[in-house]
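Structure first, then comments.
We name chains A, B, ... by the order of the sequence lines, and we start the count at 1 in each one. In this text, all values refer to a predicted model and were calculated from it rather than measured experimentally.
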Protein chains: 2
Amino acid sequence: MESLRLREPTSSLQGEIRAFVLGKIVGGEWAPGARVPSETELVARFGTSRMTVHHALKALTAEGYLRRVKGLGTFVAPPRAHVLHARLTDVADEIAERGGRHRCEVLDHDVRCASAAEAALFQLPPGERLLHARLLHFENDTPLQIEDRLIDPARVPGVEDLDPAAESYFAFLMGKVPYPAGRAVVRAVMPPMETRFLLRMGPEEPALEVERVTRAPDGAVLTVARLIYPGTRYVLSGEIAPPVGRAGDIAGDDE
Amino acid sequence: MESLRLREPTSSLQGEIRAFVLGKIVGGEWAPGARVPSETELVARFGTSRMTVHHALKALTAEGYLRRVKGLGTFVAPPRAHVLHARLTDVADEIAERGGRHRCEVLDHDVRCASAAEAALFQLPPGERLLHARLLHFENDTPLQIEDRLIDPARVPGVEDLDPAAESYFAFLMGKVPYPAGRAVVRAVMPPMETRFLLRMGPEEPALEVERVTRAPDGAVLTVARLIYPGTRYVLSGEIAPPVGRAGDIAGDDE
DNA sequence: GCCTGAAACTTGCCTATACAAGCTGGATTC
DNA sequence: GAATCCAGCTTGTATAGGCAAGTTTCAGGC
């Protein structure tokens with residue numbers, strides 16, 4: 001309901017310059033690829049020091065609106081692909097946010113030797129020990145999610161002593177590695193009979209499956225989770241925005 | 001396959017400070033909520049000027065790793081929800097990237113008066129003119145997507161003269177409003193017979209549906225698109241990373 | 001004990017200057 | 001004509017100083 005970019009901070013000089021440039025860009029006045037006034041020109045226009053202009057433009061560059069080339073100038077960035085930013089939260093938190101009551105049933109919980117496929121996924125030698133858990137999450141006694149998870153216990157100390165019904169693996173892992181990386185795949189599937197039964201799904205009801213690989217900052221796979229939701233009771237949603245780059249990636253010419 | 005945060009730019013002084021702080025955070029040495037050395041302390045440690053430290057910390061704040069409070073200090077940001085960053089590209093581009101051949105069939109193409117529900121979606125008075133199009137996209141003669149789209153022609157001049165088979169609405173809209181905002185919802189559905197037939201789906205095959213509302217920067221709804229994919233032929237995937245905030249949002253305490 | 005106010009700390013922002021490094025275009029030279 | 005070099009533009013980075021504004025703490029006065 002709220003329109004985004006409306007409350008731009010024009011209280012500061014940087015904010016004024018930022019609003020000016022961003023306005024020209026999103027308003028379409030400066031087309032992608034067009035040259036933006038140089039720092040010197042903006043200094044003359046706004047009467048500020050060059051550093052002030054520089055930081056305003058640098059911020060817009062980090063956000064993906066501008067592309068700057070040393071020696072050449074500043075340009076409106078080509079419109080890159082849009083990106084869906086969807087939050088992936090703990091089921092318990094998500095339910096709590098809606099004011100619901102969360103409960104969790106443990107379906108499976110064992111330590112087993114990694115199969116060939118699992119070992120490849122974790123980039124470990126086959127036969128390595130892996131913790132496997134399968135949990136059924138309820139919202140107000142209605143099943144909402146099956147969590148099928150593999151964890152490398154060697155990389156997550158203490159995880160073998162965790163009681164999944166008391167503390168979620170998501171929260172536990174979050175505590176151990178607060179800033180993980182990884183990839184996720186979202187697909188529509190027709191789950192097998194047992195899954196349909198556990199989630200109390202209708203005869204023709206599809207499921208939304210989120211498969212998630214979580215890595216430590218050093219690249220090692222910590223956990224692989226398959227989250228299965230009934231299609232009529234769960235949707236994934238998020239905002240759409242241009243992709244944003246980290247400060248370290250500015251130098252990277254990815255095309 | 002590539003591990004992220006490894007190639008941090010330590011070539012500059014800012015990069016050194018950034019790498020030092022970020023390393024402590026992702027390494028778990030500084031837990032969320034912990035106090036980060038003040039700018040003055042880091043100045044003493046690295047022997048740089050305060051502005052250098054300031055900009056390094058400010059960048060990490062914009063990326064969501066730190067939280068800074070004027071008068072109090074700098075703290076490791078609480079681990080916020082992870083965010084799935086999934087690219088939403090033009091079908092034609094996506095197919096071209098895979099080296100496939102793209103073709104498009106127009107199923108419906110008309111201008112009609114908005115129903116009550118549609119008018120509410122677009123925040124327009126009922127009965128307003130809306131362009132409606134329904135397209136079937138093929139990859140190498142295999143149907144991959146049904147695009148069901150509504151557009152407000154008053155906000156997108158020239159769209160009524162567009163031939164959807166020649167230029168995609170996605171590309172056309174991108175040219176008109178390069179930096180749109182909006183929301184998207186992803187769900188698993190069991191589509192009706194006609195859709196199943198058009199997409200040549202199996203008898204029990206579910207579909208992945210992406211519903212997308214695109215707004216102009218001023219908040220007005222430009223287009224609503226429903227994209228339907230066969231569940232066995234399409235997945236949505238993306239990277240997982242902490243949410244990133246725009247520079248303008250730093251002041252916003254969202255909790 | 002309680003309130004007040006000043007001091008000391010924090011971050012936010014701006015200025016002015018300086019040097020490095022990269023690109024462009026034109027004058028010079030061969 | 002073609003290659004070369006240099007002046008003049010661009011951005012990237014760092015420095016040193018200053019003021020504003022917010023929080024905490026503690027001493028002093030009531």
**Request:** Tell me which of A/G71 and A/H55 sits closer to the 5' end of DNA chain D, going by the nucleotide each one is nearest to.
**Result:**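 Residue closer to the 5' terminus by nearest nucleotide: A/G71.
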
If the cut-off is 4.0 Å, is [X] near the phosphate of [N], judged by side-chain N/O to OP1 or OP2?
X: A/K58; N: D/dT13; answer: yes
X: A/T40; N: D/dT10; answer: yes
X: B/S38; N: C/dC9; answer: no
X: A/Q14; N: C/dC14; answer: yes
X: A/T52; N: C/dT15; answer: yes
X: B/T48; N: D/dA14; answer: no

Could you tell me the separation between the [atom1] atom of [X] and the [atom2] atom of [N], rounded to a whole number of Å?
X: B/L60; N: C/dT11; atom1: CG; atom2: P; result: 14 Å
X: A/R67; N: D/dG12; atom1: CZ; atom2: C1'; result: 17 Å
X: A/L66; N: D/dT10; atom1: CG; atom2: P; result: 16 Å
X: B/L13; N: C/dC19; atom1: CG; atom2: P; result: 17 Å
X: B/L72; N: C/dC9; atom1: CG; atom2: C1'; result: 10 Å
X: B/M51; N: C/dT17; atom1: CE; atom2: C1'; result: 14 Å
X: A/E16; N: C/dG12; atom1: CD; atom2: P; result: 20 Å
X: B/E39; N: D/dG18; atom1: CD; atom2: P; result: 17 Å

**Asked** Are A/D93 and A/R98 ion-paired here, with the side-chain N under 4.0 Å from a carboxylate O?
**Response**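 Looking at A/R98 together with A/D93, the answer is no, because their closest N to O distance does not fall below 4.0 Å.
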
**Item:** Basic-acidic side-chain contact under 4.0 Å: B/E39, B/R68
**Value:**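 Judged by the 4.0 Å cut-off on N to carboxylate O distance, B/E39 and B/R68 do form a salt bridge.
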
**Message:** With salt bridge (Lys or Arg N to Asp or Glu O under 4.0 Å) as the criterion, how do B/E147 and B/R212 come out once you've worked through the C-alpha distance, each side chain's angles and the decisive distance to 0.1 Å?
**Reply:** CA-CA 11 Å; B/E147 175 182 358; B/R212 211 185 136 166; over 6 Å; no

**Request:** Tell me which of A/K70 and B/V69 sits closer to the 5' end of DNA chain C, going by the nucleotide each one is nearest to.
**Result:**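 First, find each residue's nearest nucleotide; the 5'-ward one identifies B/V69.
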
**Request:** May I ask you to say what A/H54 touches in the nucleic acid, namely base, sugar-phosphate or nothing, with a heavy-atom cut-off under 4.0 Å?
**Result:**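 Answer is base: heavy atoms of A/H54 come under 4.0 Å of a base.
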
**Item:** Check: B/R68 side chain, D/dT23 base, donor-acceptor under 3.5 Å
**Value:**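 No, no donor-acceptor pair under 3.5 Å.
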
**Request:** Please tell me which of the listed nucleotides, D/dT10, C/dT11, D/dT13, lies nearest to the side chain of B/R50?
**Result:**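 Ranking D/dT10, C/dT11, D/dT13 by closest atom to the B/R50 side chain puts C/dT11 first.
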
**Asked** How far apart are the C-alpha atoms of B/R187 and B/E211, what are their side-chain angles, what is the distance that settles it, and do they pass the salt bridge (Lys or Arg N to Asp or Glu O under 4.0 Å) test?
**Response** CA-CA 8 Å; B/R187 53 169 77 91; B/E211 188 171 326; 3.3 Å; yes

Using atom types as modelled, flag every donor-acceptor pair under 3.5 Å from a side chain in residues 156-167 of chain B to any protein atom, sequence neighbours excluded.
{"from": "B/E160", "atom 1": "OE1", "to": "B/R129", "atom 2": "NH2", "distance (Å)": "2.9"}
{"from": "B/E160", "atom 1": "OE2", "to": "B/R129", "atom 2": "NH2", "distance (Å)": "2.8"}
{"from": "B/D163", "atom 1": "OD1", "to": "B/A165", "atom 2": "N", "distance (Å)": "3.2"}

